[in-house]
2 protein chains.
Amino acid sequence: MNKADLVNMVSAATGETKTVVSSIVDKTIDTIVDSVVEGKKVSLLGFGSFEPRDRSARQGLNPKTGEKIAIPAKRVPTFSAGKLFKDRVQG
Amino acid sequence: MNKADLVNMVSAATGETKTVVSSIVDKTIDTIVDSVVEGKKVSLLGFGSFEPRDRSARQGLNPKTGEKIAIPAKRVPTFSAGKLFKDRVQG
DNA sequence: TGTTTACTAAATCAGCTTTGTTCATTGAAT
DNA sequence: ATTCAATGAACAAAGCTGATTTAGTAAACA
């Protein structure tokens, strides 16, 4: 399922036009990304939470050549699913 | 940031009422969760993708007592961030 | 609405490191 | 009423790493 499918389904479920749904979905994603970029966590109860996490530098290797390479420290976005989401996926 | 904050910000950014934004955000989350529950991946370009992943059974241990315990196999929801999200968080 | 264009995502190789997982409880928040 | 974060230890599993091709999505424009 891609974004177009998602918008269609939400539009059908809510009765709002695809245009409105699309703009809100886009802006919602923008807002979440912006917040994480600013270092703040976004918690959506039942769904999960997004937050930035710092990864320390480490040794890696090039799978093609096998030689060791230095991987610098970096900040990455993470998501951890909430209880409801986990329970529903687990069944 | 929680869901109420998110709805307020998206409402302010789009001009749609909080009621409309709230219903669309909720339904969007529902749709994503439903899709993952059905075993299908949800790909939102630039943001990331949600999909179920199977974890095999393994041995764990109770940190309190130190004794070994059996952790059963299970299915969990996962999210992997897209390039744009990563790039923006990294800076 | 339909088409083109440019860019992103998936898959692949293997080995090492980081991260997640386990229980229980308190406090905060939905 | 219910969920979430945090805490602490230690082990095992999952993921990250480069480079490339293919496939596919999204944005722009007429």
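We use all heavy atoms of the structure for the numbers below, so side chains are in, but hydrogens, waters and symmetry mates are not. What you are looking at is a predicted structure, and each value in this text was computed from that prediction instead of being measured. In what follows, every chain begins at residue 1, and chains take the letters A, B, ... in the order their sequences are listed.
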Rounded off to whole Å, could you give me the [atom1]-to-[atom2] distance for the [X] and [N] pair?
X: Asp5(B); N: dA29(C); atom1: CG; atom2: C1'; answer: 12 Å
X: Asp87(A); N: dC4(D); atom1: CG; atom2: P; answer: 9 Å
X: Asn2(A); N: dA23(D); atom1: CG; atom2: P; answer: 18 Å
X: Phe50(B); N: dA10(C); atom1: CZ; atom2: P; answer: 13 Å
X: Lys83(B); N: dA9(C); atom1: NZ; atom2: P; answer: 8 Å
X: Ile69(A); N: dA19(D); atom1: CD1; atom2: C1'; answer: 11 Å
X: Phe79(A); N: dC4(D); atom1: CZ; atom2: C1'; answer: 13 Å
X: Arg88(A); N: dT3(D); atom1: CZ; atom2: C1'; answer: 17 Å

- [ ] Check whether any side-chain heavy atom of Phe47(B) lies under 4.5 Å from a side-chain heavy atom of Val33(A), and answer yes or no.
- [x] yes

Task: Check: Phe85(B) and Ile29(A) side chains under 4.5 Å, non-hydrogen atoms - done: no

Contact class for [X] (heavy atom, under 4.0 Å): base, sugar-phosphate, or nothing?
X: Lys3(A); answer: sugar-phosphate
X: Ser49(A); answer: sugar-phosphate
X: Lys74(A); answer: sugar-phosphate

Open item on the list: Any salt bridge linking Lys3(A) with Asp26(A)? Criterion: basic side-chain nitrogen under 4.0 Å from a carboxylate oxygen.
Closed with: yes

Open item on the list: One thing to verify: whether Arg88(A) and Asp34(B) come together as a salt bridge, which I'm taking to mean a side-chain N less than 4.0 angstrom from a carboxylate O.
Closed with: yes

Donor-acceptor pairs are to be reported for all side-chain atoms of residues 4-20 of chain B against protein atoms at under 3.5 Å, with residues two or more places apart or in another chain.
residue, atom, partner, partner atom, Å
Asp5(B), OD2, Asn2(B), N, 3.3
Asn8(B), OD1, Lys18(B), NZ, 3.4
Asn8(B), ND2, Ala4(B), O, 3.4
Ser11(B), OG, Glu16(B), O, 2.6
Thr14(B), OG1, Val10(B), O, 2.8
Thr14(B), OG1, Glu16(B), N, 3.3
Thr17(B), OG1, Val20(B), N, 3.1

Open item on the list: Tell me whether the rings of Phe79(A) and Phe50(A) are parallel (<30°), tilted (30 to 60°) or perpendicular (>60°).
Closed with: tilted

Task: Of Pro72(A) and Ala4(A), the one whose closest DNA chain D nucleotide lies more 5' - done: Pro72(A)

- [ ] Report, as a single string ordered 5' to 3', how protein heavy atoms within less than 4.0 Å touch nucleotides 12-20 of chain C: B base, S sugar-phosphate only, - not at all.
- [x] -BBS-SSSS

Open item on the list: For a quick test of reading the model, state the closest non-hydrogen atom pair linking Ala70(A) to Pro72(A) and the distance between them.
Closed with: O-CD, 3.7 Å

Task: Side-chain N or O of Asn62(A) closer than 4.0 Å to phosphate OP1/OP2 of dT17(D) - done: no

Open item on the list: Measuring from atom CD of Glu51(B) to atom OG of Ser35(B), what distance do you get when rounded to the nearest 0.5 angstrom?
Closed with: 10.5 Å

TODO: Please answer: with hydrophobic residues joined when any side-chain heavy atoms are less than 4.5 Å apart, are Leu44(A) and Met1(B) in the same cluster?
DONE: yes

Open item on the list: I need the residues from residues 34-47 of chain A with at least one non-hydrogen atom less than 4.0 Å from DNA chain D; give them sorted by number, or say none.
Closed with: Lys41(A), Leu45(A), Gly46(A)

